[in-house]
Trainee: 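Could you have a look at this structure, given as structure tokens, before my questions?
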Amino acid sequence: MMALVDCNSFYASCEQVFRADLQGKPVVVLSNNDGCIIAANKEAKQIADIPMFQPVFKIKDLLKAHQVTMFSSNYTLYGEMSQRVINVLRNFSPHLEAYSIDESFLDLSGLSHKDLSAYGKEIKEKVLKHTGLPVGVGIASTKVLSKVANKLAKKIPENEGVFVIDSEAKRIEALQKTLIADVWGIGRKHVKRLQNIGIYTANHFTELPLNWVRKNMTVVGERMWRELRGEKMMEVTNHSQPRKAVATAKSFGKKLEKLDIIEEACAYYISEVSEILRKQNSTASYLQVFLNTNYHSDFDKQYHPSITVKLEMPTNNTFVLIKEANKILRKIYKPGFRYKKVGVCLSGLRSENYVQTNLFCQEFSGKQQNLMQMMDDMNAKYGKSTIFSSSLGIRKKEWELIKEERSPRYTTQWKELLKVQG
DNA sequence: TCTGGGGTCCTAGGACCC
DNA sequence: TCTGGGGTCCTAGGACCC
């Protein structure tokens with residue numbers, strides 16, 4: 001058996017932990033640039049018409065009328081709270097897979113003598129006590145079934161946040177209560193295809209012939225199908241694998257037309273992603289740079305160019321990558337458009353230790369390596385962007401994100417600690 | 001005026017190799 | 001009338017996830 005532990009409206013809950021005054025009140029968290037809603041707590045969801053990804057400007061009046069508290073996203077805080085949850089969960093199973101920022105799978109094999117429902121409750125209570133965050137616990141024999149159990153744990157109030165699928169009868173009953181759209185791994189397109197042939201619940205889906213599933217939904221669909229029927233296809237994996245690609249692409253705080261400002265944003269993103277690469281001791285073989293105008297605008301001319309290049313030598317050197325990115329940018333940039341976003345993506349990642357260099361290669365000379373190391377050390381010690389490439393520029397960052405309602409970074413900055421009045 | 005960001009896996013088809 | 005067989009690697013696009 002395994003458990004899926006999932007934090008309830010994670011980002012919104014994180015904000016509430018530090019704001020006792022917001023208990024029981026509606027809270028939402030906004031995306032970058034305060035563009036749309038990406039998390040809403042229970043109270044906010046109860047207010048009609050607050051679907052996720054709704055642009056905030058369209059429902060500003062509604063939010064105001066219901067006195068919904070809005071927060072810009074504060075990923076530093078959420079990342080650290082996530083670690084705290086994981087630390088608590090490790091006490092319940094040594095074999096844990098941190099699946100996402102707010103979800104973990106726990107391998108419970110070897111605990112068959114335990115009352116798993118009681119164990120689930122214990123997990124829930126410990127996490128709440130130690131972090132202040134509410135979670136739901138789903139327990140079953142496969143990953144997909146524990147996802148189903150987790151949904152039911154939260155959806156049906158009598159379950160009080162914990163649900164166990166431990167018999168064939170319970171499995172069938174759970175699947176009958178689960179809409180096909182709510183099954184993990186079955187997205188919008190497949191839901192439509194399935195509804196077209198009269199399949200509406202997870203249970204219906206498991207009754208389809210395997211060859212239909214295989215043909216229309218590839219092996220991915222087949223895995224879901226088998227897992228829903230109780231056949232284990234996916235293991236709980238302990239070790240976190242290194243990433244295969246690192247990308248960043250954020251919308252500018254305002255539309256930009258000039259190349260030099262876009263170049264500075266691009267150089268900034270490159271320094272971010274190459275630092276991530278160095279942290280996991282990887283180098284990139286490919287670099288992609290793309291530009292976007294505003295997709296949503298009927299008024300603006302649209303242009304979404306992109307170029308991917310294979311680098312002469314796999315590298316994680318910020319300066320080399322900025323130079324290459326600028327070359328691409330100058331190729332794809334055309335004046336006369338109002339650009340909304342520049343993005344970079346490093347892929348073809350491989351370990352630093354296996355890079356095949358050539359005679360003319362400078363980047364892996366000790367000098368360059370030491371320079372990168374020094375930069376990373378200083379920025380870690382004295383704060384982000386203490387030293388940086390001059391390509392980033394030193395003027396005001398016109399492209400910077402808008403974050404008007406960001407909460408303090410309570411847990412990672414001395415200056416922003418929670419104040420308690422006695 | 002204002003609409004997010006960062007990933008994974010799978011498949012088909014083309015290029016290329018012997 | 002007749003034109004091989006068996007591979008690998010790469011890329012773009014689709015589908016999905018949080």
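All chains are named by letter (A, B, ...) in the order of the sequence lines, taking the proteins before the strands, and each is independently numbered beginning at 1.
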Trainee: Distance check needed: C:dC18 P versus A:Y78 OH, whole Å only.
Mentor: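 My rounded result for the distance is 19 Å.
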Trainee: Rounded to the nearest Å, what distance is computed from the CZ atom of residue A:F10 to the C1' atom of nucleotide C:dC18?
Mentor: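 Result: 12 Å.
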Trainee: Tell me which nucleotide among B:dT11, B:dG4, B:dG6 gets nearest to the side chain of A:T218.
Mentor: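 In terms of side-chain proximity for A:T218, the closest of B:dT11, B:dG4, B:dG6 is B:dT11.
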Trainee: Please report the distance separating the C1' of C:dG4 from the corresponding atom of B:dC17, rounded so that it comes out in whole Å.
Mentor: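 My reading of the C1' atoms in C:dG4 and B:dC17 gives 14 Å.
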Trainee: Please confirm whether A:Y119 and A:F92 have ring centers closer than 6.0 angstrom.
Mentor: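 Between A:F92 and A:Y119, which both carry aromatic rings, the centre distance is below 6.0 Å.
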Trainee: Please work out if A:I186 contacts a base, only the sugar-phosphate, or nothing of the nucleic acid, heavy-atom cut-off 4.0 Å.
Mentor: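 Sugar-phosphate: the residue A:I186, judged by heavy atoms under 4.0 Å, touches backbone atoms but no base.
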Trainee: For residues A:H304 and A:Y295, establish whether the separation of their ring centroids is below 6.0 Å.
Mentor: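 Yes - the distance between ring centres of A:H304 and A:Y295 falls below the 6.0 Å cut-off.
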Trainee: Is the ring centre of A:Y75 less than 6.0 Å from the ring centre of A:Y11?
Mentor: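 Under 6.0 Å, so yes.
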Trainee: Students often get this wrong, so: under 4.0 angstrom with heavy atoms, is A:D34 touching a base, only sugar-phosphate, or nothing?
Mentor: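 Nothing, no heavy atom under 4.0 Å.
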Trainee: Out of B:dT3, B:dG5, B:dG6, which has the shortest distance to the side chain of A:A249?
Mentor: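 The answer is B:dG6, which lies nearest to the side chain.
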Trainee: Is any side-chain nitrogen or oxygen of A:K340 closer than 4.0 Å to OP1 or OP2 of B:dT3?
Mentor: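 So the side chain of A:K340 is within the cut-off, an N or O lying under 4.0 Å from OP1 or OP2 of B:dT3.
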Trainee: Heavy atoms under 4.0 Å, any strand shown: does A:K244 hit a base, just sugar-phosphate, or nothing?
Mentor: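 Contact class for A:K244: sugar-phosphate only.
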Trainee: Which nucleotide, in any strand shown, forms a Watson-Crick or G-U wobble pair with B:dT8, with both distances under 3.5 Å?
Mentor: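 Paired with B:dT8, as far as the under-3.5 Å criterion goes, is C:dA15.
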Trainee: So what does A:S297 touch, heavy atoms closer than 4.0 Å: a base, only the sugar-phosphate, or nothing?
Mentor: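 Nothing: the residue A:S297, judged by heavy atoms under 4.0 Å, touches no strand.
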Trainee: For A:R188, look at atom CZ and say whether over 12 heavy atoms of other residues, nucleotides or ligands are found less than 6.0 Å away.
Mentor: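 Open: at most 12 neighbouring heavy atoms sit under 6.0 Å from CZ of A:R188.
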Trainee: Does A:K341 qualify as a cation-pi partner of A:F252, given the criterion of NZ or CZ under 6.0 Å from the six-membered ring centre and within 45 degrees of its axis?
Mentor: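 No, A:K341 does not sit over the ring of A:F252.
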Trainee: What contact category does A:V183 fall into here, base, sugar-phosphate, or nothing, at under 4.0 angstrom with non-hydrogen atoms?
Mentor: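 Here A:V183 touches the backbone only, sparing every base.
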Trainee: CE of A:M70 versus P of B:dC2: gap in Å, rounded?
Mentor: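 Going from CE in A:M70 over to P in B:dC2 covers 17 Å.
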Trainee: Whole angstroms only, please: what is the OH-C1' distance between A:Y11 and B:dG5?
Mentor: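 Distance check: A:Y11 OH to B:dG5 C1' gives 9 Å.
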